[in-house]
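Notes follow once the structure below has been shown.
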Amino acid sequence: MNAWMEGLSAVAEPTVLVMIPVGVVLGVIIGAIPGLSATVGMALFLPFAFSLDPLSGLVLLLGIYNGACYSAAIPAVLLRTPGTPASAATVFDGYPMTLNGQAGRALTISLYASVFGGLVGAVLLSTMSPVLAGYARNFGSPEYFAIAILALTIVASIGGDAPLWKGVIAASIGLLLVSVGFDPVAGFPRLSFGNTQLASGLGLIPLLIGLFGVAEALLQIQRHNLKIKGNRKLGTFRLGKGGFRRLAPTLMGSTGVGFGTGLLPGVGGDVGAFMAYNETKRFAKSPAKFGKGDERGVAAAEAANNASNMGSLVSTFSLGIPGNAQAAVLLGVLLIAGIQPGPGLFEAAPNLVYGSFIAMTIAFLLLLPIGIIGIRVWARMVQVKPTYLWPFVLVFCVIGSYSVRTNVFDVMVTLFSGVLGYLLTRYGYPVAPVLIAVLVGPIAEENYRRAVINNGGEIGWMLQPLPLAILAIALVAIVASLVRDNALVKRLMTRATRR
Amino acid sequence: MKSYKPALLWLAVGLLVITLALKIPVGRLGDDPGPQALPLASGIIICLAALFSMLTAPYDAEDLGKMAILRVCTSVLLIGIYIQLMDRIGFVLSTTLFIGLQLIIMGQRKVLPLISLSILGSVTVYYVFNSLLRVPLATTNIGPVGI
């Protein structure tokens, strides 16, 4: 109870109270613009977040995170262009609703579903995280190594549509990037080629801004003939009689599915949203209506998406392992501020952790009036011309990485990682594994080496019950991905039978 | 058109990483696997994934078009020059030039919006970030021009 009171008094600070709605509004604007996403938005506002105290900075980024996750549905509904992969499932029924003249209703449903899924998810996050953190205090190097490997394998295998080998290569690139600089145990400079700047490592923030901000800008520059479609008539924004009661079962079920999938580190909101959509359709009395403008399709996808984002934060707060790319950005804020994330944070800085929980709940409550009042304005954001937008996004990226250490080298790292991120995306490689590997790789390496040192050079500690169980789940994730990549399996079997 | 070039490229990258990693000393602290463990592991994984991709999924090349590639390459070059100029001529001047040239790359041909967006945009961004948000930006000693 004391921890909650500390969190409440921390949130009551004027700066924090201002940052909550500011973050939400910024997030809604960013998410509504096609091409921008929560991750890009959070990366762009990182320098400003650093200039604030840790809780205010966290709250700002959490507000952007939550706001953008909702408003990514706006281009999905109006333009058939999901703002993030997680809102792709919203297109299935959201866009047909627009074609049926029910765009306003679809936007309202996505708002209510986002708020419901996010609020319930925030409450579940607040109750589960301290419990998991309490359990995790007994974790040693073997357990942390196993959890890091689990995060790496899941993000490389299950997240996204890319085949397993592409996810593995992306994660390996992240491990390679984080190898540059002093190693965490012996302090030996690696892959620095005698350069003192490289010896201090590639900064997390410049890498992050490049991988998401610059890379997306280059992709948009490549596609610059994208035409913004004409204004769509939005129609009524009302849900109709008994609308919320009608959608309640869908909202509750999808929130549960979304939060559950979000608990797995590395699994993004898109997996949760698709699963919830499929399950809602499977159990619906009239599944034939799905894909033609069924409001339950929109509600399921959005509730699950937002709940999944909250689920992803459980491992982030409890274990210090990012659940998704956005959570990796949040961890970056803590690390740069000199705060070590993980179970110890609940005792060392309860005001930060519990303050974040309370702030997130307030943010979702505020999202409802912000969404309702400004819905016509947010819907206009999709009309922003890419020609004018992306040069400024590039400028913000340069500002962001320069401001970390006022060092031109960091900006060059941003450009390098931007080109890398662009090439990866261009050729169908997922970028999220790169970032997760950058954050989780040092955890895996440091704990592996410590465990080996503590066990006299042996690796039998991997056979202890908990590390073994976690590594087994990681193996299941790899096998599941191979089964998913049916074309690969069939091709292998065809080649095998030919011989 | 199927191609094994990406897989071969990754194989080359992986082998290069392994070569560089092997030059890093092994551990000296007791039984520590050493600083070469992580880069060596990433190099091996890249090689294995590249071999797997060659056996199972040769890349299906997509033609982007020369203009698209030119736009991207020019933009990357422009960003590189912008970064180098920032410390030399200051944020406002370098950003004005960058925005103007980037707008031209993006297809903006009308002179008035080009100039006004470049100048107003860079000055506004400077004011918002440097003065309001207190985010440090590149400055020089050239006086007001180099702000």
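Chain A is the first sequence line, chain B the second, and so forth, proteins listed ahead of strands; every chain is numbered from 1.
- Per-residue heavy-atom pair counts under 4.5 Å with chain A were compared for B/G43, B/S42, B/G80, and the maximum is reached by B/S42.
- At a 4.5 Å heavy-atom cutoff, the contact between A/V419 and chain B is made by side-chain atoms alone.
- Counting heavy-atom pairs under 4.5 Å between each of A/N454, A/T406, A/L218 and chain B puts A/L218 at the top.
- Side-chain contact check for A/F392 versus B/I99: some heavy-atom pair is nearer than 4.5 Å.
- Taken from CZ in A/F182 to CG in A/L198, the straight-line distance is 11.0 Å, to the nearest 0.5 Å.
- By number of non-hydrogen pairs under 4.5 angstrom with chain A, the leading residue of B/P113, B/S122, B/A49 is B/A49.
- In this structure, the side chains of A/V398 and A/T414 stay at 4.5 Å or more apart for every pair of heavy atoms.
- Considering CD1 of B/I89 and CG of B/L97, their distance stands at 5.5 Å, rounded to 0.5 Å.
- Interface remark: B/V125 contributes side-chain atoms only to the contact with chain A (heavy atom separation under 4.5 Å).
- Inter-residue side-chain proximity for B/L78 and B/T74 is flagged as unmet; no heavy-atom pair is nearer than 4.5 Å.
- In this structure, no portion of A/F416 lies under 4.5 Å from any heavy atom of chain B.
- You'll find the side chain of B/Q102 stays beyond 4.5 Å of the side chain of B/Y82, heavy atoms only.
- Looking at A/L175, the atoms closer than 4.5 Å to chain B (heavy atoms on both sides) sit in the backbone and in the side chain alike.
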